[in-house]
Amino acid sequence: MEVNPINKEAGREQETRTQRKARATRLSILEAAETLLAEGGRDAVTLEAVATRADVAVQTLYNRVGGLSALLIAVAERALEKNRQYMDAAYASPGGVQDRLYAVAAAYTNFAKEHPHQFRILVEPPNEPEALARIANLIRDQNAKLGVLIRRGIDEAVLDDGLDPELTSAALWAMMNGVMSLMWRTDSLRIDAAQIDAMFGTVTKILTDGIKKREG
């Protein structure tokens with residue numbers, strides 16, 4: 001029996017709406033988990049708490065994402081991908097070594113300001129072996145790119161030739177994390193995203209000037 005073309009088209013449209021709704025629900029679940037993780041750490045992220053925050057049933061959470069382990073890994077993956085987009089664009093930016101160093105620092109700062117929950121996940125990853133491994137691999141990859149840039153600066157006599165590129169890239173990464181982590185302090189030392197902008201210029205100048213090659 002031939003299918004009515006109108007009914008066939010309606011079926012395709014209904015399927016599209018269903019898929020859109022499923023994606024939106026999954027996104028809501030992941031955003032709820034990110035927020036809970038940032039607010040209360042790993043212990044705050046339970047299936048029940050995430051389901052409540054996302055206003056879905058626990059079974060819906062299982063259907064759209066999976067169990068707790070799968071949820072934490074999915075959250076880490078989102079943070080990884082977003083961070084990668086910022087950093088890859090910075091490393092691909094035009095200019096010399098110092099221009100790119102500034103671009104990399106700016107990209108890292110912007111990521112922290114614009115996606116604070118995801119940034120915090122990368123700095124304080126969930127205690128889930130697969131998520132920890134993937135985040136560590138991303139950090140090694142990004143630090144390796146920074147190390148290559150530092151090595152280029154040394155070869156071009158722009159940066160101090162006494163620097164070890166690998167150690168320097170790791171140190172710069174750790175220093176930037178320390179500054180950005182002021183955003184989630186709970187005491188009077190806490191700074192907000194607007195204050196980060198004011199601090200960024202000073203921090204970047206200290207970091208970049210500190211590794212420049214000295215004249216004479």
Pairing residues for F111 by the ring-ring contact (aromatic ring centres under 6.0 Å, His included) criterion, not counting sequence neighbours: Y86, H115
CZ of R23 to CZ of R64, rounded to nearest 0.5 Å, is 11.0 Å
Out of curiosity, N83 CG to E81 CD, how far, rounded to the nearest 0.5 Å? 9.5 Å
Before we go on, tell me: are the rings of Y102 and F200 under 6.0 Å apart, centre to centre? yes
Rounded distance [0.5 Å steps], CG in N177 versus CG in L182: 11.5 Å
Atom pairs and distances, donor-acceptor, side-chain atoms in residues 88-97, under 3.5 Å, two or more places apart:
| unit_1 | atom_1 | unit_2 | atom_2 | d |
| --- | --- | --- | --- | --- |
| D88 | OD1 | K145 | NZ | 2.8 |
| Y91 | OH | Q142 | O | 3.2 |
| Y91 | OH | L146 | N | 3.3 |
| S93 | OG | A90 | O | 2.6 |

Give a yes or no on this: more than 12 heavy atoms of other residues, nucleotides or ligands lie within 6.0 Å of atom CD of E166. no
Distance check, rounded to the nearest 0.5 Å: L138 atom CG versus D141 atom CG? 6.5 Å
Would you say the side chain of P126 lies within less than 4.5 Å of the side chain of L37, judging by non-hydrogen atoms? yes
Enter the distance from I211:CD1 to D160:CG here, rounded to the nearest 0.5 Å. 9.0 Å
If you measure from CG on L101 to CG on L149, what distance do you get to the nearest 0.5 Å? 4.5 Å
side-chain contact (heavy atoms from CB on, under 4.5 Å) partner of V45, chosen from T35, L36, V75: L36
Quick one: ring-ring contact (aromatic ring centres under 6.0 Å, His included) pairs with a partner in residues 28-76, sequence neighbours left out? none
Just do the side-chain contact (heavy atoms from CB on, under 4.5 Å) check on T109 and M176 with the steps written out, would you? CA-CA 8 Å; T109 302; M176 288 296 291; 3.4 Å; yes
Take L27 and R78 through the test side-chain contact (heavy atoms from CB on, under 4.5 Å) and record every step on the way to the result. CA-CA 10 Å; L27 177 60; R78 267 172 51 86; 3.2 Å; yes
Test your reading of the model: is there a side-chain donor-acceptor pair from R190 to the backbone of W184, 3.5 Å cut-off? no
